[in-house]
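Below: the structure, in structure tokens.
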Amino acid sequence: MKHDFRNIETKWQEKWENAKLFEAVDFSEKPKYYTLVEFPYPSGHGMHVGHIKAYSGLEVVSRKRRMQGYNVMFPIGFDAFGLPTENSAVKFGVHPRVLTDENIEKFTGQLKRVGFSFDWSRVVDTTEEDYYRWTQWIFRKMFDNGLVFRDKTLVNYCPHCKVVLSNEDSQGGKCDICHNDVVQKSKDVWYLRITQYADKLLQGLDKVDYLPMVRQQQENWIGKSTGAFVNFKLKEVEETLRIYTTRPDTLFGVTFMVMAPEHPLLDTYADKVENMAEVLAYREECAKKTEFERTQLVKDKTGLQIKGLSAVHPITGKEIPIFISDYVMMGYGTGAIMAVPAHDGRDYDFAKKFGIDIIPVIEGGDIEKEAYTGDGNMINSDFLNGLTDKKSSIARMLVELEKLGVGEGGVQFKMKDWAFNRQRYWGEPIPIVHCPTCGMVGVPDEELPLRLPPVENFQPGEGGESPLAKIDSFVNCKCPKCGGDAKRETDTMPQWAGSSWYFLRYIDPKNTEALASPEKLNYWMPVDWYNGGMEHVTRHMIYSRFWHKFLYDLGIVPCDEPYSKRTAQGLILGANGVKMSKSLGNVVDPNDVVDSYGADVLRTYVLFMGDYEQAAPWSDSSVKGCKRFIERFAALTDMLSDTVSPEVEAALHRTIKKVTDDIEAMKFNTAIAAMMALLNEIHAAGSIDKESLKILAKLLCPFAPHICEEVWAELGGEGFCSAAEWPIYDEAKTKVAAVEIAVQICGKLRGKITIPAEATEEEAFAAVMADENLSALLNGKQIVKKIYVKGRLFNIVAK
RNA sequence: GCCGGUGUGAUGGAAUGGCAGACGUGACGGACUCAAAAUCCGUUGGUAGCGAUACCGUGUGGGUUCAAGUCCCACCACCGGCACCA
């Protein structure tokens, strides 16, 4: 048979669709299996082959699971709110709704051409009212439960574009769009209290099966640390400066204090600070830097001493100078630290630069050269002297701090609360009303969805406010509580919102009464296997786990962790080995590959090109290897015979085992390689029997389903190959009678012998000695040790 | 600076501590062809040798082991992430 992909691929896609072959069945008797891939953002550029790789992994798993008798749900949707669409809308004067619909249509066409076995009856679009109604509803529930608050923060603001920018879009202090200078601007921001779930998010990791790398990144992001809060009295005023430290054991080594430049105590006692002008100038300087930039100046610490204020050591009563420096952040701990230069690298750098004393309190290391962060005997530390390990020193110090009433043990998280609003049009309106009488009032259920009003002009308003602020009919409303005149919140939610719960909506996408019915949620949740990019492992995954845990606490979802298992795929790089990007012109469009080689070849290649978890460069010529493989497979229908050679049969069973196992480990490249090797074996044998070929078709079906259906039909297979039963291997048939094993003498390869696979050590040794070359090498030597690894090698240590 | 990842032929990459380089690409040789493409067969880590074979070889330097790409220690380079986290 020829590989006539132009005719067969659409044919089988239609047949699958008509048979509803990939539609998941709610409450089926079969065991359920929920496979989830990160839904795409439908950009105007269309998909590139990276998307195809991202979906192909679980595509193969899903198809295999169905063949193994599972009721599989493998859904897809579109995360369609977002800035790029809004920017295009501004640029071309087309409504984002129109652009989004166009882009979704484009993406859908591309995805369907590849023959993915998505359940298209469950597709979701985060920008549809029926969807964002529930996004707003969850937010409102959070608001009702005290997880939403407002606070001031500094944001990156571009005065030219009049928009607030993310750190990403304002690197180097320049606006990504117009390249003018970005300023830091104080703004009221909506926050979600994700920190309230920090401990739960951390502990939940024990219950799930995430890639170790994924788990580690989440742990680091949450960043739990244990330490102590210590209160330092100020000498000049009745006030305490509260600090957080992970090293209370080094309290006697404190020689200065550092406050974040923005620390509010400076404003409270501005009249006492003699050099307030300098402080303000330094603040301004810091405000220009983004947080990322602060991290660039690693060694060269900046800062200045606060004159007129000093702290008092809580135990020794000694006076301690106070500094401000931007290496201390307002957003972590208390915004102030006790500095122990002898035992902290950053404090050490600062002390050296400003000529501050360095007092060692732990023996070991050389404080002339660098800070010592290791363990050792405590010195210069009063009641701690003589203790030898950190743990007991900390414990002892905590007892003392509590006795004196100047501090206590505590934990801190690196994770910050989630800034949850954007001054944008193309996002979910925040369902809050500002009432002069009642304050902030949530929009009630019956008024949801709070629809995005039609807008003519998507340009942001003066001062960077949302375009919604210009729509009077939207802004002016009645307070749901008192009925008086009120104003709507005009900010919208960030793109992360819609993607924080989409996996729940797939379960019941048309439900108008709830985000999904409890029965269906109970049947389908949790997601059995979630795959996506490493870049979403912290933010998207932690945000969605947070929402899920909140919904669990409300009794809406049946499990507290949404994803049982999480893996990640590597990028496809351009042919030149760098990231694919429009500007570099190295983007590969999957449509082009389907046009010239067919979907089966594209699917096979993206999985064959390398380790699934690793980045790999695209290679046009390597695609040909997969094209040849598929063609050679199709041609097997012309090599049929009634019998099968024992070699081919054994190879077939080994391949079943290999492919079955490799798919589970996401080692798709070696699974395909094994099938290629089997093909070579069949070609060498010259023929294959019908039943064996049907088995091979089933093995290859998850990877290249169209050609496998065609071959299956040609062989008279019943129904769809995609619905056939996954092959089982016969362990006995995978065994080979005779094996060639390596013979080493003193660890060096010296020859090979062929022996029965199950030969004993004695038999194997006899075979070694029967080999003239090998026995000659051992002549006159005394054998010290024999190591026999069955089926692998025989190593003889001789003197 | 910190965290994570990766270093293997010309090239993408294989390899439960057990024959390094599976499988694919490319290259070379051959078959088919008037010819080319496609296809099929063969060769393909390096050095020396006609040869059997020998020596070398998985970023660098040490170590553990009968045996190391794999484990341990110290480094180097590249890629990705970042929030100087007290």
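What you are looking at is a predicted structure, and each value in this text was computed from that prediction instead of being measured.
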### Separation between CD1 of A:Ile358 and CG of A:Asp347, rounded to the nearest 0.5 Å
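Here the rounded value is 10.0 Å.
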Would you give the length of the straight line joining atom CG of A:Leu573 to atom CG of A:Asn586, rounded to the nearest 0.5 angstrom?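 Interatomic distance, A:Leu573 CG to A:Asn586 CG, rounded to 0.5 Å: 8.5 Å.
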Whole-Å gap separating [atom2] ([N]) and [atom1] ([X]):
X: A:Met541; N: B:G81; atom1: CE; atom2: C1'; result: 16 Å
X: A:Glu262; N: B:C85; atom1: CD; atom2: C1'; result: 15 Å
X: A:Gln614; N: B:G80; atom1: CD; atom2: P; result: 14 Å
X: A:Phe413; N: B:A86; atom1: CZ; atom2: P; result: 13 Å
X: A:Leu573; N: B:U11; atom1: CG; atom2: C1'; result: 15 Å
X: A:Asp611; N: B:G69; atom1: CG; atom2: P; result: 20 Å
X: A:His536; N: B:C82; atom1: NE2; atom2: C1'; result: 16 Å
X: A:Asp344; N: B:C2; atom1: CG; atom2: P; result: 13 Å

field: ring pair (Phe, Tyr, Trp, His ring centres under 6.0 Å) partners of A:Tyr348, counting only residues at least two apart
entry: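 Testing A:Tyr348 for ring pair (Phe, Tyr, Trp, His ring centres under 6.0 Å), a comparison that skips the adjacent residues, returns none.
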Contacts of type ring pair (Phe, Tyr, Trp, His ring centres under 6.0 Å), residue A:Tyr197, not counting sequence neighbours
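Once residues adjacent in sequence are excluded, the partners of A:Tyr197 under the ring pair (Phe, Tyr, Trp, His ring centres under 6.0 Å) criterion are A:Phe546.
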**Message:** I need the residues from residues 210-220 of chain A with at least one non-hydrogen atom less than 4.0 Å from RNA chain B; give them sorted by number, or say none.
**Reply:**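 Hits under 4.0 Å, by residue number: A:Met213, A:Gln216, A:Asn220.
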(Q) One pair to check against salt bridge (Lys or Arg N to Asp or Glu O under 4.0 Å): A:Arg566 and A:Glu38. What are the steps and the verdict? (A) CA-CA 11 Å; A:Arg566 166 75 188 205; A:Glu38 284 167 353; 2.9 Å; yes
Q) Of the candidate nucleotides B:G12, B:U6, B:C85, which contains the atom at the shortest distance from the side chain of A:Pro617? A)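 Of the options given, the side chain of A:Pro617 lies nearest B:G12.
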Roughly how many Å apart are [M] and [N], using the [atom1] atom of each and rounding to a whole number?
N: B:A14; M: B:A22; atom1: C1'; result: 5 Å
N: B:C73; M: B:C40; atom1: P; result: 49 Å
N: B:G26; M: B:A52; atom1: P; result: 29 Å
N: B:U58; M: B:A10; atom1: P; result: 13 Å
N: B:U64; M: B:C41; atom1: C1'; result: 47 Å
N: B:G46; M: B:G57; atom1: P; result: 16 Å
N: B:C85; M: B:C3; atom1: P; result: 10 Å
N: B:C76; M: B:U60; atom1: P; result: 15 Å

Q) Start at the 5' end of RNA chain B and walk down; is the nucleotide closest to A:Ser619 or to A:Val797 reached first? A)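 Between the two, 5'-proximity favours A:Ser619.
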Assuming nearest nucleotide by heavy-atom distance, tell me which of A:Asp347 and A:Lys627 is located more 5' along RNA chain B.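 Between the two, 5'-proximity favours A:Lys627.
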Residues that A:Glu763 engages under salt bridge (Lys or Arg N to Asp or Glu O under 4.0 Å), provided they are two or more places apart |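 With sequence neighbours excluded, A:Glu763 shows a salt bridge (Lys or Arg N to Asp or Glu O under 4.0 Å) to no residue whatsoever.
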Pairing string of RNA chain B (Watson-Crick or G-U wobble, both atom distances under 3.5 Å; | = paired to other strand) is (((((((..(((.....[....)))((((((.......))))))((((....))))..(((((..]....))))))))))))....
Next item on the list: Take the angle between the ring planes of A:His536 and A:His540 and call it parallel below 30°, perpendicular above 60°, tilted in between.
Entry: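 Perpendicular.
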Stepwise, does the side-chain hydrogen bond (donor to acceptor under 3.5 Å, both in side chains) test hold for A:Thr255 with A:Asp357?
CA-CA 6 Å; A:Thr255 53; A:Asp357 288 349; over 6 Å; no
inquiry  = Any heavy-atom pair between the side chains of A:Phe629 and A:Ile672 that's under 4.5 Å?
reply    =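 Side-chain contact under 4.5 Å: yes.
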ring-ring contact (aromatic ring centres under 6.0 Å, His included) between A:Tyr605 and A:Trp618, worked out: CA-CA 9 Å; A:Tyr605 177 64; A:Trp618 183 268; 4.9 Å; yes
**Asked** Do A:Lys53's NZ or CZ and the ring of A:Tyr612 fall within the cation-pi criteria of under 6.0 Å and 45°?
**Response**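 Verdict for A:Tyr612: a cation-pi partner in A:Lys53.
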Flag the pair A:Glu408 and A:Arg242 as a salt bridge only when some basic side-chain nitrogen lies within less than 4.0 angstrom of an acidic carboxylate oxygen.
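A salt bridge links A:Glu408 with A:Arg242.
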Legend entry - Modelled atom types, side-chain donor and acceptor of A:Arg632 and A:Asn680, under 3.5 Å: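 There is such a pair (donor and acceptor under 3.5 Å, judged by atom type) between the side chains of A:Arg632 and A:Asn680.
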(Q) Give me syn or anti for B:G9, where syn covers glycosidic angles within 90 degrees of 0. (A)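 The base of B:G9 is oriented syn (glycosidic angle within 90° of 0).
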Its contact letters, B for base, S for sugar-phosphate only and - for none at protein heavy atoms under 4.0 Å, make nucleotides 15-24 of chain B read SB-BB--BBB
Any side-chain N or O of A:Arg750 less than 4.0 Å from the OP1 or OP2 oxygen of B:A54?
->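 Yes, because at least one side-chain N or O of A:Arg750 sits under 4.0 Å from OP1 or OP2 of B:A54.
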- Contact class for A:Ala339 vs. all strands (heavy atom < 4.0 Å): base, sugar-phosphate, or nothing?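 Answer is nothing: A:Ala339 stays at 4.0 Å or more from every strand.
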At 4.0 Å (heavy atoms only), tell me whether A:Ser225 reaches a base, stays on the sugar-phosphate, or touches nothing.
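The answer is sugar-phosphate, as A:Ser225 gets under 4.0 Å only of primed atoms, P, OP1 or OP2.
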